[in-house]
There are 2 protein chains.
Amino acid sequence: MSQTQLNEALDSLKDTGVRITPQRHAILEYLIDSMSHPTADDIYKALEGKFPNMSVATVYNNLRVFREVGLIKELTYGDSSSRFDFVTTNHYHVICQNCGKIVDFHYPGLDEVEHLATHVTGFKISHHRMEIYGECPDCSAKEAH
Amino acid sequence: MSQTQLNEALDSLKDTGVRITPQRHAILEYLIDSMSHPTADDIYKALEGKFPNMSVATVYNNLRVFREVGLIKELTYGDSSSRFDFVTTNHYHVICQNCGKIVDFHYPGLDEVEHLATHVTGFKISHHRMEIYGECPDCSAKEAH
DNA sequence: TCTTAAATTGTAATGTTTATAAATAGTCTA
DNA sequence: TAGACTATTTATAAACATTACAATTTAAGA
């Protein structure tokens, strides 16, 4: 795991005056380690062993805190529940419409889109998000069988 | 209103073997006319006068049908409920993070992104979505007061 | 160690969306 | 046009994710 990322995250929490609780430590650690994009429930279930008494509300509360501090991004796809992604470098996501697999896709940020949007709409643009949808190689292979 | 769009939509429903009911007609008409991006509940409330007995389930059912036929797009932003958009030309959305206003932003489709994603990930890409976030002029003006 | 405000917990409540079964109504055929 | 078949609507209940709340616990600074 990336101890550096975790420490940096903890520091930035301290700087914002957010207390470091064992639960927060564990949730952050899980978000950094898991190469997936877990839902709140995924996190809750994954930490059940370590924190048998942890409440679902704690997971949600802290995910909100982390989001407000800018440590994580909330991804809302079509499905019922949000997914959470630890913020590292700028990247987009490619999503398999068949099995739901999410693959990181590094691509230079589309700054020119934001600039044009500023001109056309008069908005003060802060950021954008993009997702790319398709079928992953595994699913394509299975289909061909 | 665009009678043409409505008729084309009704035709493409007929072609797929979907029955034209008064409720479907009204929901489609509302989606085409409303320049906003309504939620299922918005639609339900808007048609209450015309169809006092219409069920919420009918709205949801038909929005799913329309989506499957490709007439509308379902947009899942951060908020609690999905929004629905009648598909016309390719455009993206600029969203005000303060008041929630959604403005259409016409921009040539980012085909090269899809191509690169194909190469890098091996996915069979079908489409992508992008949203741009910021603060609308009205909200900026109010803040400055 | 003590104090205090913040965080956690457990539970109830909210709100959106789906499932289900009975009633209704389009559309096709004769 | 009438009748039959099946899709659709309705009403309601259920599922599900997320939030609100009050009581308890705890992190962190003095």
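Side chains are part of it too, since the values below use all heavy atoms of this structure and drop only hydrogens, waters and symmetry mates. In what follows, chains are A, B, ... by sequence order, proteins preceding strands, each numbered from 1.
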**Request:** Just jot down the side-chain contact (heavy atoms from CB on, under 4.5 Å) partners of Asn7(B), sequence neighbours excluded, or say none.
**Result:**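 Testing Asn7(B) for side-chain contact (heavy atoms from CB on, under 4.5 Å), a comparison that skips the adjacent residues, returns Gln3(B), Leu10(B).
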**Request:** Quick one: list whatever passes side-chain contact (heavy atoms from CB on, under 4.5 Å) with Ala117(B), sequence neighbours left out.
**Result:**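 Only Val94(A), Phe105(A), Ile132(A), Ile125(B) meet the side-chain contact (heavy atoms from CB on, under 4.5 Å) criterion with Ala117(B).
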**Nearest heavy-atom neighbours spanning Cys136(A) and Phe123(B)** =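 Nearest pair, atom of Cys136(A) first, then Phe123(B): CB-CZ, 3.4 Å.
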**Prompt:** Where is the tightest heavy-atom contact between Gly122(A) and Pro137(B), given as atom of each residue plus distance?
**Reply:**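 Smallest heavy-atom distance, with atoms named: O-CG, 3.5 Å.
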**Complete:** In short, ring-ring contact (aromatic ring centres under 6.0 Å, His included) pairs touching residues 7-47 of chain B with sequence neighbours left out are His37(B)-His93(B)
Between atom [atom1] in [X] and atom [atom2] in [N], what is the gap in whole Å?
X: Ile27(B); N: dT8(D); atom1: CD1; atom2: P; result: 12 Å
X: Leu13(B); N: dT27(C); atom1: CG; atom2: C1'; result: 15 Å
X: Leu63(A); N: dA7(C); atom1: CG; atom2: P; result: 14 Å
X: His25(B); N: dT8(D); atom1: NE2; atom2: P; result: 16 Å
X: Glu68(A); N: dA7(C); atom1: CD; atom2: P; result: 11 Å
X: Leu75(A); N: dT18(D); atom1: CG; atom2: C1'; result: 17 Å
X: Leu10(B); N: dG26(C); atom1: CG; atom2: C1'; result: 14 Å

**Five-pair end axes of the helix from dT1(C)-dA30(D) to dA30(C)-dT1(D), angle between them (10°)** =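 Rounded to the nearest 10 degrees, the bend comes out at 40°.
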With sequence neighbours excluded, residues passing side chain to side chain donor-acceptor pair (under 3.5 Å) with [X]:
X: Gln97(A); answer: Ser126(B)
X: Thr39(A); answer: Asp42(A)
X: Glu114(B); answer: His128(B)

Using a cut-off of strictly less than 4.0 Å, decide whether [X] has a side-chain nitrogen or oxygen near OP1 or OP2 of [N].
X: Ser80(B); N: dT18(D); answer: no
X: Ser82(A); N: dT18(D); answer: yes
X: Arg64(B); N: dT17(C); answer: no

**Item:** With His115(B) via ring pair (Phe, Tyr, Trp, His ring centres under 6.0 Å) - residues at least two apart
**Value:** none
**Request:** Identify, residue by residue, the members of residues 40-61 of chain B with a heavy atom below 4.0 Å from DNA chain C, and return them in order of residue number, or none.
**Result:**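 The stretch gives Ala57(B), Tyr60(B) as the residues lying under 4.0 Å from the strand, ordered by number.
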**Prompt:** Who pairs with Asp41(B) by salt bridge (Lys or Arg N to Asp or Glu O under 4.0 Å), at least two apart in sequence or on another chain?
**Reply:** Lys45(B)
**Fill in**
Expected string for nucleotides 22-30 of chain D under the B/S/- scheme (protein heavy atoms, under 4.0 Å, primed atoms plus P, OP1, OP2 as sugar-phosphate) is -----BS--
Name the atoms and distances for all side-chain donor-acceptor pairs under 3.5 Å in residues 59-67 of chain B, with sequence neighbours left out.
residue: Asn61(B); atom: ND2; partner: Ala57(B); partner atom: O; Å: 3.2
residue: Asn62(B); atom: OD1; partner: Arg24(B); partner atom: NE; Å: 2.7
residue: Asn62(B); atom: OD1; partner: Arg24(B); partner atom: NH2; Å: 3.2
residue: Asn62(B); atom: ND2; partner: Thr58(B); partner atom: O; Å: 3.1
residue: Arg67(B); atom: NE; partner: Glu74(B); partner atom: OE1; Å: 3.0

**Message:** Need to verify one output field. Residue with the more 5' nearest nucleotide on DNA chain C, Asn62(A) or Thr39(B)?
**Reply:**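 Final value for this comparison: Asn62(A).
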